[in-house]
Structures are given as C-alpha cells and as structure tokens.
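Reckoned from all heavy atoms, side chains included, excluding hydrogens, waters and symmetry mates.
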Amino acid sequence: MELEAPVVEADPARSRGGDEGMLQTALLPCPNCDVQVVHKLAQLLLPGLAAACVDSTLRNPSSSLAVQLRAELVRYITDRSNSPPELPTETGDDPLPDHDDPAEALATFLDDFASSKRSIVVSISGWLPYLGGDDGRDDRIDDLVQEMEATRFWPIDRRQAVARDLLRSLDAVSGGGAGSKFRCHDELETEEKLADHVANRCRFRPVRCRNLVQGCTAEVSACRAEEHDAACAFKLLPCEQGCGASVARRQMDRHCVTACPMKLANCPFYLLGCESAFPACNLGSHCAQFIRTHVRLLLDHNQIAMADRQDLDLEERLALLEKCDSHGTLRKALDVRALTSALAELEKKMSAQGAG
C-alpha cells in the first residue's frame with residue numbers, strides 16, 4: 001500500500017491547553033521532557049500502530065485504515081493516560097498500569113489497543129499455521145513498520161509530540177509517579193524568561209553529546225549528559241592495558257586484542273618449550289634476555305651438531321656460538337626461523353675459521 005503523510009497528531013486539546021487553565025494561571029510551563037525517554041516512547045508507537053493494523057485484517061492494511069487507526073490510537077493513549085490508576089476507562093480497559101517506567105505503561109496501552117482491534121477471524125488465524133500464525137503476524141508487522149518508516153507515514157517528530165503529551169498526562173494523573181521524573185515542572189512569568197529557561201537553564205534541555213567530534217550524534221537532556229558520557233561508545237579512553245593510546249570505548253576490546261603493543265603475546269619459541277608470556281612490545285628484550293634458553297631449546301630440538309665439534313657439551317657450544325657472534329645476530333633473532341638461520345650462518349663462519 002502507499003501510505004499518506006500524517007494528518008493526525010497529538011490531541012489538540014492537550015497541546016493548546018483549555019481556556020479554564022489559561023484563566024487560572026498566567027505562568028508558562030516549560031515544555032522540556034527527558035529526551036531519551038521521549039525518543040524511546042516514540043520508537044514504540046510505530047510498531048504499536050503496525051500491530052493494530054495487521055490485527056485488524058487478514059489482508060494487507062490499506063492507507064485509509066492506517067490513517068484511521070493512527071487517529072484512534074492517539075485518542076486511545078490520551079484517554080488511558082488521563083484515567084486515574086484506581087478507575088477503569090470508558091472503553092472498559094484495565095486501570096492505568098502502576099509503573100514507574102512510562103515505556104511499560106505505553107507498551108501496555110499499545111498491546112490493549114491492538115487486542116481491541118483483533119477480529120474473531122484474525123484471532124483464529126493465529127492458531128492456524130497455514131494462515132500465517134504468530135510468525136506470519138510478526139513478519140507482517142515488521143514489513144509494515146519498514147514501509148511506514150520509508151514513506152514517513154508518522155515522522156519521528158510527530159510521534160515525539162505524542163510521547164511528550166503522554167509523559168505530562170502520566171505525571172498529572174499519578175501525582176508524582178510515572179512521568180514525574182522525566183519532565184520539567186518549572187513555570188515562568190514571561191515568554192522571554194521561558195525561552196531563556198528552555199534553552200539555557202532547564203535540566204531537561206536537549207544537548208549534544210560531548211563526543212560529537214568522535215562521531216556520536218546522540219542528543220540527550222542536560223541532566224543525563226554525564227550518564228550518557230559514562231556509557232558513550234564514542235568516548236575516548238586511555239588504553240586499558242596502559243599502552244598510552246586513547247581509544248574509543250566501542251573499539252577498546254578490538255584494540256587490546258589486535259593493535260595494542262601491550263597485548264599479551266606468547267614467546268615465538270613456545271613450541272620449542274619457552275612458555276613465557278609478555279607484552280608484545282617486549283618481544284625484543286625477551287629474546288635478547290633469554291637467548292641462551294632459546295638457542296639451547298633449538299639445538300636440543302633439531303639435534304644440531306657443529307662440524308668437528310661434536311665432542312663439545314651443550315654449554316661449551318653455546319659459549320663458542322656467542323663468542324663467534326660479534327654482531328649480535330642471535331640476540332636479534334625474534335623467531336625460530338630467524339634463529340635457525342643465524343645459527344647456520346655462525347656454524348659456517350666457525351667452520352671457515354677452523355679450516356683456516
């Protein structure tokens with residue numbers, strides 16, 4: 001189906017406020033709400049609407065049906081969120097959920113709304129695999145959500161307006177329960193003071209993540225900035241292994257395992273018997289420090305015998321090799337292949353000196 005652009009948004013009466021409220025006070029309320037909570041609620045609305053559309057018909061939902069159900073859903077959420085927790089709503093639904101998390105309350109509203117739209121035929125189809133069943137329903141919902149997002153049927157900013165109204169309603173009804181800690185309660189005397197408060201002073205004013213330069217595009221409420229920063233995947237942190245590099249939190253594990261010079265490494269002579277483990281950057285110093293150990297292991301492993309010196313014991317052979325190694329070739333060998341090659345060259349050198 002081709003979905004139309006949205007025509008129904010948050011309840012106009014809630015957005016404008018009633019004349020009675022305007023007469024009672026001249027104070028201007030701050031409209032700011034917790035950015036992350038509003039975004040989370042807005043993200044729930046589209047799948048909730050899609051579920052109601054799918055549950056209303058066995059066919060592909062039409063554009064007109066989606067528009068109608070969107071308007072009904074907004075009114076339903078407004079009605080449920082404005083109902084006192086101890087009283088049922090006019091539609092006969094359960095009382096308002098007693099949740100501290102507005103997302104849980106909204107999820108309950110959405111589930112109840114979708115259930116109210118489910119026809120007998122659609123309910124029966126859930127028990128019949130050849131008519132789709134639950135798996136088929138979930139696939140249809142996912143497909144419809146993707147189509148709605150692609151056509152901007154219900155843009156995120158319009159859904160956020162509904163989410164903010166929901167938070168205000170939950171706050172007003174619960175009297176400090178769900179919603180109360182997710183919105184600003186300040187009221188200002190003039191438009192100028194309100195504008196300054198909203199932009200510069202409100203603890204719920206939207207701010208960009210301080211790691212924007214590193215690639216984080218998140219927008220959060222000012223009072224949540226530290227909390228976000230403490231978990232931001234783009235925040236630069238000192239390497240956990242102490243190499244001195246600054247690494248993004250999301251890349252820390254990979255850095256420590258691959259690129260970090262302080263990553264733990266096994267000795268390249270491990271298969272010969274050296275079981276030492278050390279930071280990778282210390283490979284050179286380890287090989288230089290344990291050259292005798294590595295040469296001894298290599299000679300034992302390969303049973304290397306120097307020409308005309310088979311009568312020498314191992315320690316004497318090691319001393320002779322070190323004496324002949326005037327350029328420190330053995331100490332510079334960082335793996336078995338390099339050390340084997342260096343030993344072979346020294347053997348040739350000593351053989352030539354013996355012949356001379």
Student: Which heavy atom in A222 sits nearest to a heavy atom in C202, and how many Å separate them?
Tutor: CB-O, 4.3 Å
Student: Report yes if some heavy atom in the side chain of P279 is under 4.5 Å from a heavy atom in the side chain of Q241; otherwise report no.
Tutor: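 P279 vs Q241: side chains apart.
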Student: Do the non-hydrogen side-chain atoms of L334 and P268 ever get within less than 4.5 Å of each other?
Tutor: no
Student: Is it true that a side-chain atom of R249 and a backbone atom of C232 form a donor plus acceptor pair closer than 3.5 Å?
Tutor: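 Indeed, once roles are kept as given, a pair shorter than 3.5 Å links the two residues.
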Student: So, applying side chain to side chain contact (heavy atoms under 4.5 Å, CB included) with N32, which one of R183, R205, R164 is it?
Tutor: R205
Student: Going through the checks in order, is the side chain to side chain contact (heavy atoms under 4.5 Å, CB included) test met by L41 and F182?
Tutor: CA-CA 12 Å; L41 296 178; F182 302 115; over 6 Å; no
Student: Mark yes when over 12 heavy atoms from residues, nucleotides or ligands other than F278 sit less than 6.0 Å from its CZ; otherwise mark no.
Tutor: yes
Student: Testing the basics here: between C287 and A333, what is the closest heavy-atom pair and its distance to 0.1 Å?
Tutor: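 Closest approach of C287 to A333, heavy atoms only: CB-O, 3.8 Å.
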Student: If only atom types and distance count, is the side chain of T108 paired as donor or acceptor with the main-chain N or O of E104 below 3.5 Å?
Tutor: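 Answer holds: yes.
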Student: Can you name the nearest heavy-atom pair linking V145 to A50, along with the distance?
Tutor: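 In this case the closest contact between V145 and A50 is CG2-CB, 3.6 Å.
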Student: Could you tell me whether R137 and D55 make a salt bridge, using a distance below 4.0 angstrom between a side-chain N and a carboxylate O?
Tutor: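 Answer for the salt bridge query: yes.
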Student: Should the pair R80-D112 be classified as a salt bridge under the 4.0 Å nitrogen-to-oxygen rule?
Tutor: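 Yes, charged N to carboxylate O under 4.0 Å.
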Student: Do other residues, nucleotides or ligands put more than 12 heavy atoms under 6.0 Å from the CG atom of D253?
Tutor: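 Open: at most 12 neighbouring heavy atoms sit under 6.0 Å from CG of D253.
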Student: Assess whether a salt bridge exists between D165 and R168, defined as any Lys/Arg side-chain N lying under 4.0 Å from an Asp/Glu carboxylate O.
Tutor: yes
Student: Taking S116 for its side chain and F113 for its backbone only, find out whether a donor-acceptor pair lies under 3.5 Å.
Tutor: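 The answer is yes, because a donor-acceptor pair under 3.5 Å joins these two groups.
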Student: Using modelled atom types and a 3.5 Å cut-off, is there a donor and acceptor pairing between side-chain atoms of D34 and backbone atoms of V37?
Tutor: yes
Student: When you measure from the side chain of K117 to the backbone of S56, do you find a donor-acceptor pair of N or O atoms at a distance under 3.5 Å?
Tutor: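 Answer holds: no.
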Student: Is there a chain of hydrophobic side chains (I, L, V, M, F, W, Y, each step under 4.5 Å between heavy atoms) that links W154 to I156?
Tutor: no
Student: Kindly give the heavy-atom pair with the smallest separation between M252 and P238, and that separation in Å.
Tutor: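 Here M252 and P238 meet closest at CE-O, 3.6 Å.
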Student: Looking at CD of E219 and CZ of R224, how far apart are the two atoms once the value is rounded to the nearest 0.5 Å?
Tutor: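 Answer rounded to 0.5 Å: 15.0 Å.
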Student: Between N282 and S285, is there a donor-acceptor pair closer than 3.5 Å when you use the side chain of the first and the backbone of the second?
Tutor: no
Student: Do the side chains of V220 and F234 join up, straight or via other hydrophobic residues, at under 4.5 Å, putting them in one cluster?
Tutor: no
Student: Treat each ILVMFWY residue as a node, draw an edge where side-chain heavy atoms are under 4.5 Å apart, and state whether V162 and L44 are in one component.
Tutor: yes
Student: Do F204 and C223 come close enough that some side-chain heavy atom pair is under 4.5 Å?
Tutor: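 Yes; the side chains approach each other to less than 4.5 Å.
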Student: Should E187 and L28 count as side-chain neighbours, where that means a heavy-atom distance under 4.5 Å?
Tutor: no
Student: Could you walk me through whether F269 and L339 satisfy the side chain to side chain contact (heavy atoms under 4.5 Å, CB included) test, starting with their C-alpha distance in whole Å, then the side-chain angles of each, then the deciding distance to 0.1 Å, before giving a yes or no?
Tutor: CA-CA 10 Å; F269 299 92; L339 187 56; 3.6 Å; yes
Student: Nearest 0.5 Å please: distance from the NZ atom of K263 over to the SG atom of C243.
Tutor: 11.5 Å
Student: Yes or no on side chain to side chain contact (heavy atoms under 4.5 Å, CB included) for E226 and R210, after CA distance, side-chain angles and deciding distance?
Tutor: CA-CA 10 Å; E226 291 296 333; R210 64 188 62 173; 2.9 Å; yes
Student: Over all heavy atoms of both residues, which pair between L49 and A66 is shortest? Give the atoms and the distance, please.
Tutor: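 Smallest heavy-atom distance, with atoms named: CD1-O, 4.2 Å.
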Student: Say you draw a straight line from CZ of R254 to SG of C260; how long is it, rounded to the nearest 0.5 Å?
Tutor: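 The SG atom of C260 is 14.0 Å from CZ of R254, to the nearest 0.5 Å.
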Student: What do you reckon, is NE2 of H197 surrounded by more than 12 foreign heavy atoms closer than 6.0 Å?
Tutor: yes
Student: Under a 4.5 Å side-chain heavy-atom rule over Ile, Leu, Val, Met, Phe, Trp and Tyr, are L272 and L283 clustered together?
Tutor: no
Student: Are any non-hydrogen side-chain atoms of I77 and L45 less than 4.5 angstrom apart?
Tutor: yes
Student: Count I, L, V, M, F, W, Y as connected when their side-chain heavy atoms are under 4.5 Å apart, and connections chain through other members. Are V67 and L144 then in the same cluster?
Tutor: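 V67 clusters together with L144.
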Student: Find out whether H185 and D171 are in side-chain contact, i.e. whether some heavy atom of one side chain is under 4.5 Å from a heavy atom of the other.
Tutor: yes
Student: Does S221 reach the main-chain N or O of V35 with its side chain, forming a donor-acceptor pair under 3.5 Å?
Tutor: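 Looks like yes, one N/O pair under 3.5 Å.
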Student: With a 4.5 Å cut-off on side-chain heavy atoms, are K193 and D196 touching?
Tutor: no
Student: Taking the inter-plane angle between the rings of H294 and H286 on a 0 to 90° scale, is it parallel (under 30°), tilted (30 to 60°) or perpendicular (over 60°)?
Tutor: tilted
Student: Which pair of heavy atoms, one from H255 and one from C239, lies closest together, and at what distance?
Tutor: NE2-SG, 3.5 Å
Student: Atom CG of L212 and atom OG1 of T217: how far apart are they, to the nearest 0.5 Å?
Tutor: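 Between L212 CG and T217 OG1, I get 8.0 Å after rounding to 0.5 Å.
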Student: What distance separates Q251 CD from T258 OG1, expressed to the nearest 0.5 Å?
Tutor: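 OG1 of T258 is found 9.5 Å from CD of Q251.
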Student: Test side chain to side chain contact (heavy atoms under 4.5 Å, CB included) on M262 and C281 and set out the steps.
Tutor: CA-CA 6 Å; M262 294 297 290; C281 58; 3.5 Å; yes
Student: Quick one: pull up CG in L46 and CD1 in I141 and give me the separation to the nearest 0.5 Å.
Tutor: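 The CD1 atom of I141 is 11.5 Å from CG of L46, to the nearest 0.5 Å.
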Student: Quick check with a 6.0 Å cut-off and a 45 degree axis cone: is R70 positioned over the face of F153's six-membered ring?
Tutor: yes
Student: I'd like to know if the side chain of S115 reaches the main chain of D111, judged simply by a donor and an acceptor atom lying under 3.5 Å from each other, with no hydrogens or angles considered.
Tutor: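 Yes, because the side chain of S115 sits within donor-acceptor range (under 3.5 Å) of the backbone of D111.
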